[in-house]
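Data first, discussion second: the structure below is written as structure tokens.
Just so we're clear, the structure is a prediction, and the values are computed from it rather than from any experiment. In the text below, chain A, chain B and the rest are named by the order of the sequence lines, each starting its count at 1.
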Protein chains: 2
Amino acid sequence: MAEPHDVHRPSGDRPSDPGDLNDPQPIIWMRPERGARGPVPAYSRERIAEVAIALADGEGIEAVTMRRIAKELGTGAMTLYRYLPTKEDLYAVVIDQALGYEPQEPTGDVRADLATFARRYRETLRRHPWLAHAVASRPVMGPNMLRGNERDLALVDGRGLGIDEMMQVVNLIRHWVTGATQAETAEREAALRSGMDRRTWQQRMGPYIGELLATGRFPYLDRMVREARYPSRDERFETGLAVLLDGIEARFPALAGRRG
Amino acid sequence: MAEPHDVHRPSGDRPSDPGDLNDPQPIIWMRPERGARGPVPAYSRERIAEVAIALADGEGIEAVTMRRIAKELGTGAMTLYRYLPTKEDLYAVVIDQALGYEPQEPTGDVRADLATFARRYRETLRRHPWLAHAVASRPVMGPNMLRGNERDLALVDGRGLGIDEMMQVVNLIRHWVTGATQAETAEREAALRSGMDRRTWQQRMGPYIGELLATGRFPYLDRMVREARYPSRDERFETGLAVLLDGIEARFPALAGRRG
DNA sequence: GCTAAGTGCGTACAGCGTTCTCACCGTGCT
DNA sequence: AGCACGGTGAGAACGCTGTACGCACTTAGC
């Protein structure tokens, strides 16, 4: 929330509009990767993001610090600021790079295409356990995100839906997948945090759950503990997805038939 | 991820099981609020959480620091650690308290009940813009969360669904609401960050969007800028909800009829 | 070859969560 | 009635964070 200083103001800036004092920093993807003048840079945004992603995947997102990335690259922390003006910009680049881009051509079967889209998105978010959380916190607008948006909207195009409706369908799936994946990883991480194994977690939670059940005020929790078959995460995902797709076909019948 | 020290081990602890070196801290709601021995505490978990929530609502979640909360209470930072052993425990208590508890009796119309549930949940998350993000990152298990779970499951009970299916339906709605609300707030916050008004944001993004459209490689982005009617957030929410409920009724027909 | 933009990076600062410590308080046991 | 001991408030200090500033060095364009 603190306003970063002007790293280097464009030399020929117009007499600053008194309405807004500091001309806002342009979004990271508008800043040129390097100017034509100085020595050739030793690193690049992409290389830095690559290291940050590896770090986040291997040791958790909280291991991603400027100093640590720099150390991994064999340089000083301040060097990174030649490439990325703030840590928020680092995140933007890291997220967009982690999202990546995988093409998907519409097959004419919208339901199948949307299912593939949902599964692909989930896989991406699961490959990087910090990603769902990161992507949900900010609008990203990077090149991969934007190309991905084109690809995803194409899956529901040509069926008579307006652009608003198309966005609605795609976002419905996106939001559910991010929400569900976050819940998945939150559960997993909480278990891991308490000593790296499932037993320790149950050891910690067991007495608490027992205490709760003893009050008799949590009949459904009781049933969850006693009756639940606990479908696998994959099964739960597939069921949720089927519900979603049923709903989409019910509300937007144009999407239901085969062919275009 | 760092293991906090034992704040004060119970005096009569058994010879420590060599399997796991440090007996894990019990979950915060199992620790007694205070022992029977010493002077009466000047504060309480609830009071601390109250201050933290006010701070987060007013100045953003990043304003919630131990020192700041302490200052607001008129005390020293370390005082808080008598009530909450770590900041993660603070978050747990804060989230559960912010979730609150609002009763909801089943009416016999499951679709209407689930819609009410979804709207109520969304309102709660919107009242505290940091909450959706916070609740999605960890399993909470606090008293409000747990009572809420009982209340929500009751809405789909008595229709022949197993507990797993009941959870499935409730979680589907929860995950979508958290995902969608996070997207909502992320968008809003990003706009606010760049100078507190919408115009500054468009001023920053405008040239970038223009640059993208000029490439001709983003036809759908183009349509979004040109054709989109941009339904309000409330409209989008209602549409998404209708889709979800249609899907639920299609997959679990037992929920569709009136009465029990 | 000069100039100025651009680069690598050490130093330093304010602020973070948390550990250690200590003086003091108040209840329950003797 | 006295005192032991657990609970309490809180300051000092540690190792960490993001990043502002400054300086020496490199290189493209004139």
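In this entry the distance linking CZ of Arg82(B) with C1' of dA23(C) reads 12 Å, nearest Å. Rounded to whole Å, atom C1' of dT7(C) lies 15 Å from atom CZ of Arg45(A). Between the CG atom of Leu84(A) and the P atom of dT7(C) there is a distance of 12 Å, given to the nearest Å. Atoms CZ (Arg34(B)) and C1' (dC5(D)) sit 15 Å apart, rounded to a whole Å. Glu59(B) has its CD atom 14 Å from the P atom of dG15(C), to the nearest Å.
Of the listed nucleotides (dT18(C), dG8(C), dG9(D)), dG8(C) has the atom at the smallest distance from the side chain of Thr79(A). The listed nucleotides are dT7(C), dG7(D), dG18(D); the one nearest the side chain of Tyr81(A) is dG18(D). With distances taken from any side-chain atom of Tyr83(A) to the nucleotides dG8(C), dG9(D), dT18(C), the minimum falls on dG8(C).
A distance of 9.0 Å separates OH of Tyr121(B) from CG of Asp152(B), quoted to the nearest 0.5 Å.
Remark: Arg122(A) is positioned above the aromatic ring of Phe237(A), its terminal NZ or CZ atom under 6.0 angstrom from the ring centre and at most 45 degrees off the axis. In this structure, Arg45(A) is not positioned above the aromatic face of Tyr83(A) in the sense of NZ or CZ being under 6.0 Å from the six-membered ring centre and within 45° of the axis.
At a threshold of 4.0 angstrom between heavy atoms, the contacts of Ala42(A) are confined to the sugar-phosphate backbone, with no base atom among them. Using a 4.0 Å heavy-atom distance criterion, Gly38(B) is classed as a base contact.
No donor-acceptor pair under 3.5 Å is formed between the side chain of Glu72(B) and the backbone N or O of Val51(B). Not one N or O on the side chain of Thr181(A) forms a donor-acceptor pair closer than 3.5 Å with the backbone of Thr178(A).
The 5' end of DNA chain C is approached more closely, in terms of each residue's nearest nucleotide, by Gly35(A) than by the other of Tyr91(B) and Gly35(A).
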Distances for protein N or O near nucleotides 13-17 of chain D N or O, under 3.5 Å:
from, atom 1, to, atom 2, distance (Å)
dT17(D), OP1, Thr65(A), OG1, 3.2

Problem set entry | Trace of the side-chain hydrogen bond (donor to acceptor under 3.5 Å, both in side chains) decision for Trp29(B) with Asp96(B) | CA-CA 11 Å; Trp29(B) 292 283; Asp96(B) 194 67; 4.6 Å; no
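Ring centroid separation for the pair His133(B) and His133(A) comes in under the 6.0 Å cut-off.
The base of dG26(C) lies outside donor-acceptor range of the side chain of Arg37(B), with no N or O pair under 3.5 Å.
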